[in-house]
Amino acid sequence: MKVSISVPGRFHLFNLAQELIKKDYLSQLITSYPKFEVKKYGIPEEKISSVISKEILMRGWEKFPDFLKDIWNPQFFIHEIFDKSASKKLRTCDIFVGGSSVSLHTFQKAKEFNAILVLERGSSHMEYQRDILIEEYQKFGIDVQKSFMLPHPKIVEKELKEYEEADYISIPSLFVKSTFLEKGIPESKLIHVPYGVDLSRFKQIPKEDDIFRVVFAGGMSLRKGVHYLLKAFSELKLPNSELLLIGSINEEIKPFFKKYEGSFRYIGHVPQAELYKHYSQGSVFAMMSIEEGLALVQPQAMACGLPVIATTNTGAEDIVRDGKDGFIIPIRDVEKLKEKLIYLYEHPVEREEMAVSAKEHVSSGFTWDDYGDKMIKEYERILRNTK
């Protein structure tokens, strides 16, 4: 079996590539990362094809002044450059795995090899994602046209074509699966395998104080529901407590930061290699996202001994056993979040039991080795089905 992967950036597909290498199944990894960077992840140079133009363009655009971003959003243009470049670099393979919205042209090339086409979609169905984000922006009076978090209309159109072209669509959670089924995608077309965690990087170290610390890591945006977390925590006013926010900030969330100023501590972006130190100083990990596939920060926090409070739309139900490893609550439900935070605050013994349970649970079924084994079995299955 020869598997080729195409991904702009890294995401979880580098982890997949690492697992395929162990079985000598990886034929090629096409990415926007330069070769010297990819080699750090243990990928042999001869298997790497780099399209660095995408990375240069995207990082350059991110530095543009906001008024220029208002004039032109190059999302689709940059995606097309990567996709067309990847199609020219693709070598023969049995299975081609492509990231969503950047694989339509490469799919056409892979068909020439009679390869099975697998689309990797890390979030909910594109139309569901677009619609719920628009709903959220309108809820808070934010100009939808000026949001850089919304997918470009041409990207939506392209991705819907990819759904049609793909033989299979790989997804990470039951939540994502439900959105595809609602949109009419047959279940037989879906490959459902939850992501994993690197236990060598995410390990628990002793907590250094007795502060009840609620931790969130991720982009500060409406999509991540940070505004709901800020509201809940500020209203609780729990003694000897802290809300710690980790991650880059988007313009749309700055008014909420100003509104709740003084009720949280924001430390900005933290390198992946340092995250475990901050998780380990927490008491609970909370995530109020209104939409995403399966947030990798959840198993990371669990591996560091944190119970998780997360919404139904984070992929949490795939890894968090409600009432045992944490709690799963509805999106936008500030009162339910407050209820669960108060419970964990007032019940330290039960909180510690959940922490131990969460750590054991992800350690015994949700590592990247587990993910790789499950994905390889799925690839072997779909290859058998084509014979």
query = Taking the inter-plane angle between the rings of Phe140 and Tyr228 on a 0 to 90° scale, is it parallel (under 30°), tilted (30 to 60°) or perpendicular (over 60°)?
reply = perpendicular
query = Are Arg10 and Glu37 within salt-bridge range, i.e. N to O under 4.0 Å?
reply = no
request  = Describe, in one word, how the ring planes of Phe256 and His227 are oriented to each other, choosing from parallel (under 30°), tilted (30 to 60°) and perpendicular (over 60°).
outcome  = tilted
inquiry  = Could you check whether Lys2 makes a cation-pi contact with Tyr379, meaning its NZ or CZ is under 6.0 Å from the centre of the six-membered ring and within 45° of the ring axis?
reply    = no
ask   = So, are Glu235 and Lys338 salt-bridged, with charged N and O less than 4.0 Å apart?
value = yes
request  = Measure across Ser32 and Pro8 and return the closest heavy-atom pair with its distance rounded to 0.1 Å.
outcome  = OG-C, 3.6 Å
request  = Would you verify whether the NZ or CZ of Lys189 falls within 45 degrees of the ring axis of Tyr168 while also being under 6.0 Å from that six-membered ring's centre?
outcome  = no
Charged N-O contact under 4.0 Å between Glu165 and Lys111 = yes
request  = Would you please say whether a donor-acceptor pair under 3.5 Å links the side chains of Gln129 and Ser124?
outcome  = no
inquiry  = Between Asp209 and Lys207, does any NZ, NE, NH1 or NH2 come within less than 4.0 Å of an OD or OE carboxylate oxygen?
reply    = yes
inquiry  = For Met354, run the side-chain contact (heavy atoms from CB on, under 4.5 Å) check against Leu344, Val308, Val320 and tell me which one passes.
reply    = Leu344
key: Pair Asn313, Thr311: side-chain N/O donor-acceptor within cut-off below 3.5 Å   = no
query = Between Glu80 and Lys154, is there a side-chain N and carboxylate O pair less than 4.0 Å apart?
reply = no
ask   = Hey, are Lys377 and Glu380 close enough for a salt bridge, meaning a charged N less than 4.0 Å from a carboxylate O?
value = no
key: Distance (rounded to the nearest 0.5 Å) between Ile116 CD1 and Thr386 OG1   = 4.0 Å
ask   = Would Glu261 and Lys258 pass as an ion pair if we require N to O under 4.0 Å?
value = no
ask   = Is Arg381 salt-bridged to Glu378, cutoff N-O under 4.0 Å?
value = yes
inquiry  = Please report whether the ring centroid of Phe257 lies less than 6.0 Å from that of Phe264.
reply    = yes
query = Could you walk me through whether Phe14 and Tyr33 pass the ring-ring contact (aromatic ring centres under 6.0 Å, His included) check?
reply = CA-CA 11 Å; Phe14 270 35; Tyr33 274 26; 5.6 Å; yes
query = Is any NZ, NE, NH1 or NH2 atom of the basic residue among Glu291 and Arg223 found under 4.0 Å from an Asp or Glu carboxylate oxygen of the other?
reply = yes
ask   = Taking atom types as modelled, is there a side-chain donor on Ser363 or Glu360 under 3.5 Å from an acceptor on the other?
value = no
query = Do Tyr163 and Phe180 have their ring centres less than 6.0 Å from each other?
reply = yes
query = Would you call Glu251 and Lys254 a salt bridge, taking side-chain N to carboxylate O under 4.0 Å as the test?
reply = yes
ask   = With under 30° as parallel and over 60° as perpendicular, where do the rings of His347 and Tyr343 fit, or are they tilted in between?
value = parallel
ask   = Do the charged groups of Asp325 and Lys359 touch, with an N to O distance under 4.0 Å?
value = no
key: Basic-acidic side-chain contact under 4.0 Å: Arg332, Glu135   = yes
query = Could you give the distance from CG (Asn114) to CG (Asp94), rounded to the nearest 0.5 Å?
reply = 10.0 Å
ask   = Under 4.0 Å between a Lys/Arg side-chain N and an Asp/Glu carboxylate O for Glu292 and Lys224?
value = yes
